[in-house]
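The structure appears right after this line, and notes come after that.
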Amino acid sequence: MKKKISVLFVLIVLSLSLAACACKHEWVEATCTEPKTCTKCGATEGEALGHEWVEATCETPKTCKICGASEGEALGHKWIEATCTEAKTCSVCGKTSGSPLGHEVKEWKETKKASCTESGQREGVCSRCGETVIEEIEKLAHTESDWKITQKASYDQAGERQKTCTVCGEVLQTESYELEGEEKANAFKNECAGYSYKDIARDPDQYKGNKIKFYGEIIQVCSENKDLCSYRVMLSNYDVIYVTYKRPEGEGRLLENDNVTVYGLCNGLYSYTSVQGAQITIPLVDAKYIDIR
Ligand SMILES: [Zn+2]
Ligand SMILES: [Zn+2]
Ligand SMILES: [Zn+2]
Ligand SMILES: [Zn+2]
Ligand SMILES: [Zn+2]
């Protein structure tokens with residue numbers, strides 16, 4: 001029992017002497033509001049640093065630039081009202097709000113007339129600030145003409161046409177156009193030439209694809225169907241040409257003894273066997289248009 005008590009005594013003496021011995025401080029550096037302080041024993045050294053104040057501005061109160069602590073209120077902007085040319089502006093920090101009012105002109109005087117090629121100008125005095133204001137007047141719209149043909153279309157080739165401004169002459173629209181219906185037929189007919197029968201019969205390849213026109217009498221309807229009709233047509237000098245023709249829907253039939261004008265393309269020669277069994281070769285024309293005379 002006595003031994004136990006003596007051990008306890010030693011322990012108490014030991015711990016007491018430890019507490020009395022100097023603390024191995026663990027310092028936290030001084031802040032704005034606290035001096036340098038030991039985290040273990042709470043001992044301090046020196047003074048708190050004190051705040052480093054930045055003065056209040058329009059939008060921010062007085063603030064410590066080290067710890068961020070603030071004091072009081074922001075000052076608020078000192079607004080100067082908007083004018084014709086300047087937006088509402090703070091006289092202290094220069095911040096703006098909204099947009100300028102713009103001049104207010106009650107009476108304009110036209111100093112230059114606008115046209116379709118040049119803008120005009122007008123002048124007036126601002127009733128708010130008294131300034132003379134010069135303003136542009138927008139160009140006028142062009143005045144469109146009807147279509148004018150700049151390149152005539154032919155039977156095979158598209159032409160070109162334009163609309164221009166009747167005031168200034170500027171080209172406003174250009175497009176290609178093609179002939180249709182009767183116009184197309186007339187163009188083809190006008191492009192056809194008369195050729196001598198003998199020339200074609202002698203040298204058919206040279207004329208192949210040429211646009212030809214001739215008069216004659218249908219002496220035989222060789223075939224007649226939806227896709228292609230064919231005829232033998234006799235010229236005034238009794239020469240005969242073989243004619244194929246895709247008769248348009250709705251057009252009347254062609255009959256023997258009809259006097260016709262044929263417009264078409266030379267297509268070389270055509271051979272057939274006569275009733276007597278003879279091989280006959282005559283010029284061939286693919287007709288595009290056939291008019292009865
Ligand atoms: Zn300490
Ligand atoms: Zn501070
Ligand atoms: Zn301000
Ligand atoms: Zn003004
Ligand atoms: Zn114009």
Side-chain angles (χ1 to χ4, degrees), residues 26-39 42-91 94-151 160-177:
E26 276 190 20
W27 293 114
V28 171
E29 286 308 311
T31 66
C32 295
T33 50
E34 302 287 340
K36 187 173 166 183
T37 305
C38 172
T39 53
T44 63
E45 213 178 86
E47 303 276 314
L49 299 174
H51 295 298
E52 269 188 46
W53 293 114
V54 174
E55 286 311 308
T57 66
C58 296
E59 290 177 336
T60 321
K62 184 174 164 186
T63 305
C64 172
K65 74 176 174 194
I66 294 166
C67 70
S70 66
E71 216 177 82
E73 303 276 317
L75 301 175
H77 295 294
K78 289 219 171 94
W79 293 115
I80 298 169
E81 286 309 310
T83 65
C84 294
T85 52
E86 306 279 347
K88 186 173 160 184
T89 307
C90 172
S91 62
K95 187 186 167 111
T96 62
S97 159
S99 30
L101 301 173
H103 294 297
E104 211 177 86
V105 176
K106 297 226 165 75
E107 245 176 89
W108 288 104
K109 199 178 121 199
E110 193 175 79
T111 49
K112 190 185 157 203
K113 256 192 141 49
S115 70
C116 60
T117 52
E118 276 186 84
S119 52
Q121 214 173 58
R122 60 181 189 173
E123 246 180 58
V125 175
C126 174
S127 59
R128 192 181 298 120
C129 71
E131 199 176 298
T132 298
V133 183
I134 297 173
E135 206 178 78
E136 191 177 274
I137 302 171
E138 263 185 59
K139 279 186 203 173
L140 303 177
H142 291 295
T143 310
E144 201 176 74
S145 71
D146 290 332
W147 285 114
K148 279 185 245 169
I149 290 167
T150 47
Q151 197 191 315
E160 189 194 74
R161 58 188 180 184
Q162 290 182 336
K163 281 183 179 180
T164 55
C165 174
T166 56
V167 179
C168 71
E170 192 180 310
V171 175
L172 304 176
Q173 211 182 334
T174 302
E175 69 171 29
S176 75
Y177 76 100

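Numbers here simply count residues along the sequence, with the first being 1. Computation of the quantities below employed the complete heavy-atom set of this structure, encompassing side-chain atoms and omitting hydrogens, waters and symmetry-equivalent molecules. Order of listing sets the numbers, starting from 1, for every ligand and every atom in it.
Glu175 is listed as a side-chain neighbour of Arg161, based on a closest heavy-atom distance under 4.5 Å. With a 4.5 Å cut-off on side-chain heavy atoms, Thr85 and His103 count as touching.
Closest approach between the Zn ion (ligand 2) and any N/O/S atom of His51 involves ND1.
Classification of Glu104 and Lys106 as a salt-bridged pair holds, one side-chain N sitting under 4.0 Å from a carboxylate O.
Listed for the Thr39 side chain is a donor-acceptor partner under 3.5 Å among the backbone atoms of Glu26. Side-chain atoms of Thr63 do not come within 3.5 Å of backbone N or O of Val54 as any donor-acceptor pair.
Of all heavy-atom pairs between Leu101 and Ala82, the closest is CD1-O, 3.6 Å.
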Between Glu71 and His51, does a side chain to side chain contact (heavy atoms under 4.5 Å, CB included) hold up when you go through it step by step?
CA-CA 11 Å; Glu71 216 177 82; His51 295 298; 5.8 Å; no

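We find the CD-NZ distance between Glu29 and Lys36 to be 5.5 Å, quoted to the nearest 0.5 Å.
Heavy atoms from other residues, nucleotides or ligands lying under 6.0 Å from NZ of Lys112 number more than 12.
Distances under 2.8 Å from the Zn ion (ligand 5) pick out the protein N/O/S atoms Cys116 SG, His142 ND1, Cys165 SG, Cys168 SG. Around the Zn ion (ligand 4), the protein atoms of type N, O or S that sit closer than 2.8 Å are Cys84 SG, His103 ND1, Cys126 SG, Cys129 SG.
The only member of Lys88, Glu59, Lys95 that meets side-chain hydrogen bond (donor to acceptor under 3.5 Å, both in side chains) when paired with His77 is Glu59.
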